[in-house]
Amino acid sequence: MSRTGLAALLLVTLANFAAWAWLGRPVAAPDFGGTIRGVSFSPYQRDDDPGAGRHPSPAEIDRDLRLLHGVTGGVRTYSALDDLDLVPYLARPYGLRVAVGAWLDRRYERNEEEIRHAVVAARNNHNVERVIVGNEAILRGDLTVDEMISYLRRVRAQVTVPVSTAEPWHVWLAHPELAREVDFIAIHVLPYWEKVPAEQAVEYVLDRYRRVQAAFPDKKIVLSEVGWPSDGRTRGDAKASAAAEGTFLRAFLNAAAQNHLDYYVMEAFDQPWKADLEGTVGAYWGLFDAAREPK
């Protein structure tokens, strides 16, 4: 091959390489150099499944908390049973604040156990900053507003830290009577589920936050779930991908710091068991994958 032909071949090769590199380039997103305020914490391992009675051991819970040390300042749990009431105790050496959760549904006897364990955990651990009684129980239709109010009153009478329940933002707006019974408003804003594209999602979160704040100006607002999935089906203009998750989270974390928001990113670790409940996407909301590798 002549020198001219070789040079032409090299130019074509370099052009093709550059084109493919450009197409596969990472999506630009603002850096975030701080500590995440809080993350939702479900320490179920790759093969665990609470529905099948497979739960993480205390040693596995401790290992996950150790991994989060330096990444976040706090964790939010969803249940106080199956050794999850140990989270505040195990989190203390790592300087992590804990929002203790009590899972409530139609199993009323189990609800009583959840409440009892959550109250004990809140009383016995100084790093518990709040208690969240129930998670989307009203949205699912498991409990009525009146039933939730009864649980809230009971827990508030037994602990000294702030108490609330967690529901999507629109549930709070629909039930102002619920807001009168809590110490703070814990809202879920997950733009993916509402078919909002990732590049518009942060402004969507801030808009919903402001709507709830305007409706309840005398209450503290906590974003108790906010995040984006890294894999799964597309919903409208909302694409579940690693690039979208990274873009959204970096932009949100910077906006949260600028606006002094209190929040829990959904969530610390991918949870494969959730795929049976929410479809494939349910397994991929973590900052870390199921093998505990950072995304």
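Everything quoted here is computed from the prediction, not taken from an experiment.
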Checklist line | Salt bridge present between Glu203 and Arg210 (N-O < 4.0 angstrom) | finding: yes
Checklist line | Separation between CD1 of Ile185 and CD of Gln213, rounded to the nearest 0.5 Å | finding: 11.0 Å
Check: So does Arg66 have more than 12 non-hydrogen atoms from other groups sitting under 6.0 Å from CZ?
Finding: yes
Next item on the list: Check whether any side-chain heavy atom of Phe41 sits under 4.5 Å from a side-chain heavy atom of Ile61, and report yes or no.
Entry: yes
Note to self: So, taking the atom named CZ in Arg37 and the one named CG in Asp262, what distance separates them when rounded to the nearest 0.5 Å?
What the structure shows: 4.0 Å
Next item on the list: Could you tell me whether Arg154 and Glu112 make a salt bridge, using a distance below 4.0 angstrom between a side-chain N and a carboxylate O?
Entry: yes
Notebook entry, point to check: With a 4.5 Å limit on heavy-atom distance, are the side chains of Glu167 and Ile187 in contact?
Noted result: no
Check: Are Arg110 and Asp142 close enough, and set up right, to give a salt bridge (charged side-chain N to carboxylate O under 4.0 Å, His left out), and what steps lead you there?
Finding: CA-CA 13 Å; Arg110 185 178 174 88; Asp142 284 347; over 6 Å; no
Check: Salt bridge between Asp49 and Lys274, side-chain N to carboxylate O under 4.0 Å?
Finding: no
Check: In Å and rounded to the nearest 0.5 Å, what is the CG to CG distance from Leu90 to Asn125?
Finding: 9.0 Å
Item checked: side chain to side chain contact (heavy atoms under 4.5 Å, CB included) between Ile36 and Leu287, intermediate numbers included -> CA-CA 11 Å; Ile36 297 173; Leu287 298 172; 3.8 Å; yes
Check: Does a salt bridge link Arg250 with Asp31, judged by any charged N lying under 4.0 Å from a carboxylate O?
Finding: yes
Checklist line | Heavy-atom closest contact (Asn127 atom, Pro88 atom, distance) | finding: ND2-O, 2.9 Å
Next item on the list: Step by step, work out the side chain to side chain contact (heavy atoms under 4.5 Å, CB included) result for Arg92 and His126.
Entry: CA-CA 9 Å; Arg92 285 192 326 217; His126 60 78; 3.8 Å; yes
Check: Are Tyr263 and Val128 grouped together when hydrophobic residues (ILVMFWY) are joined by side-chain heavy atoms under 4.5 angstrom apart?
Finding: yes
Notebook entry, point to check: Side chain of Trp228, backbone of Ala201: donor and acceptor closer than 3.5 Å?
Noted result: no
Checklist line | Closest heavy-atom pair and its distance - Leu206, Ala255 | finding: CD1-CB, 4.4 Å
Item checked: Side-chain heavy atoms of Asp85 within contact of Val120, under 4.5 Å -> no
Next item on the list: Consider only side-chain heavy atoms of I, L, V, M, F, W and Y, link residues closer than 4.5 Å, and tell whether Trp193 and Leu277 are in one cluster.
Entry: yes
Notebook entry, point to check: When clusters are formed by joining ILVMFWY residues with side-chain heavy atoms under 4.5 Å apart, either directly or through shared neighbours, do Val100 and Leu65 land in the same one?
Noted result: yes
Next item on the list: For the pair Tyr204 and Trp169, name the ring-plane relationship: parallel under 30°, tilted 30 to 60°, perpendicular over 60°.
Entry: perpendicular
Item checked: Check ion pair Asp48-Arg54 (N to O, under 4.0 angstrom) -> no
Margin query: Treating Lys219 as the side-chain partner and Ala179 as the backbone partner, does any N or O pair qualify as donor plus acceptor under 3.5 Å?
Written below: yes
Check: Between Phe248 and Tyr192, does the ring centroid distance fall short of 6.0 Å?
Finding: no
Notebook entry, point to check: Can you name the closest pair of heavy atoms from Gly232 and Thr280 and give their distance?
Noted result: CA-CG2, 4.3 Å
Check: Got a second to check how far Thr77's OG1 is from Ile132's CD1, nearest 0.5 Å?
Finding: 8.0 Å
Next item on the list: Provide the closest heavy-atom pair for Ser230 versus Glu245 in the form atom of the first, atom of the second, distance.
Entry: CB-OE1, 3.1 Å
Notebook entry, point to check: Is the side chain of Arg123 donor-acceptor paired with the backbone N or O of Gln158 at a distance under 3.5 Å, no angle test?
Noted result: yes
Margin query: Side chains of Asn135 and Arg76 only: does a donor on one sit below 3.5 Å from an acceptor on the other?
Written below: yes
Notebook entry, point to check: Taking everything shown except Tyr89 itself, do over 12 heavy atoms lie less than 6.0 Å from its OH?
Noted result: no
Margin query: Side chains of Glu136 and His188 only: does a donor on one sit below 3.5 Å from an acceptor on the other?
Written below: yes
Checklist line | ILVMFWY network linking Leu253 to Ile221, side-chain heavy atoms under 4.5 angstrom | finding: yes
Checklist line | Derivation and outcome, salt bridge (charged side-chain N to carboxylate O under 4.0 Å, His left out), residues Glu113 and Arg116 | finding: CA-CA 5 Å; Glu113 286 296 298; Arg116 184 173 67 83; 3.0 Å; yes
Item checked: Backbone of Glu181 reached by a side-chain donor or acceptor of Arg156 within 3.5 Å -> yes
Item checked: Any Glu147 side-chain heavy atom under 4.5 Å of Tyr108 side chain -> yes
Check: Looking at side-chain heavy atoms only, is the closest gap between Thr165 and Leu104 below 4.5 Å?
Finding: no
Next item on the list: Would you check if there is a donor-acceptor pair between the side chains of Glu114 and Tyr151 at a distance under 3.5 Å?
Entry: no
Next item on the list: Determine whether Tyr264 and Val222 make a side-chain contact, defined as any pair of heavy atoms from C-beta on separated by less than 4.5 Å.
Entry: yes
Notebook entry, point to check: Do side-chain atoms of Ser224 reach the backbone of Ala166 as a donor and acceptor pair under 3.5 angstrom?
Noted result: no
Notebook entry, point to check: Do Asp64 and Tyr44 have side-chain N/O donor and acceptor atoms under 3.5 Å apart?
Noted result: no
Check: Looking at Leu152 and Leu178, what are the two nearest heavy atoms and their distance?
Finding: CD1-CD1, 3.9 Å
Notebook entry, point to check: Between Glu225 (side chain) and Val265 (backbone), is there a donor-acceptor pair under 3.5 Å?
Noted result: no
Checklist line | Chi angles and distances behind the side chain to side chain contact (heavy atoms under 4.5 Å, CB included) call for Trp103, Leu81 | finding: CA-CA 9 Å; Trp103 184 267; Leu81 299 182; over 6 Å; no
Item checked: N/O donor-acceptor pair under 3.5 Å between Asp289 side chain and Lys295 backbone -> no
Notebook entry, point to check: Between Ser42 and Phe269, what is the shortest heavy-atom contact and its length?
Noted result: O-CD1, 4.4 Å
Note to self: With rounding to the nearest 0.5 angstrom, report the CZ to OG1 distance, Phe252 to Thr247.
What the structure shows: 15.0 Å
Note to self: side chain to side chain contact (heavy atoms under 4.5 Å, CB included) for Met266 and Val39? Distances and angles first, verdict last.
What the structure shows: CA-CA 6 Å; Met266 177 71 185; Val39 297; over 6 Å; no
Margin query: Please check if the number of heavy atoms outside Arg46 that lie under 6.0 Å from its CZ is greater than 12.
Written below: no
Margin query: Please check: side-chain N/O of Asn259 versus main-chain N/O of Leu261, any donor-acceptor pairing under 3.5 Å?
Written below: no
Notebook entry, point to check: Between Trp172 and Val182, is any pair of side-chain heavy atoms under 4.5 Å apart?
Noted result: yes
Checklist line | Within-4.5 Å side-chain heavy-atom neighbours: Leu84 and Leu86 | finding: no
Check: About how many Å separate NE2 of His175 and CD1 of Ile149, when rounded to the nearest 0.5 Å?
Finding: 9.5 Å
Notebook entry, point to check: Taking the side chain from Ser164 and the backbone from Phe184, do they hold a donor-acceptor pair closer than 3.5 Å?
Noted result: yes
Note to self: What I want to check is whether the side chains of Arg63 and Gln45 have a donor and an acceptor closer together than 3.5 Å.
What the structure shows: yes
Check: Is Asp183 reaching over with its side chain to a backbone N or O of Val163, donor-acceptor style, under 3.5 angstrom?
Finding: yes
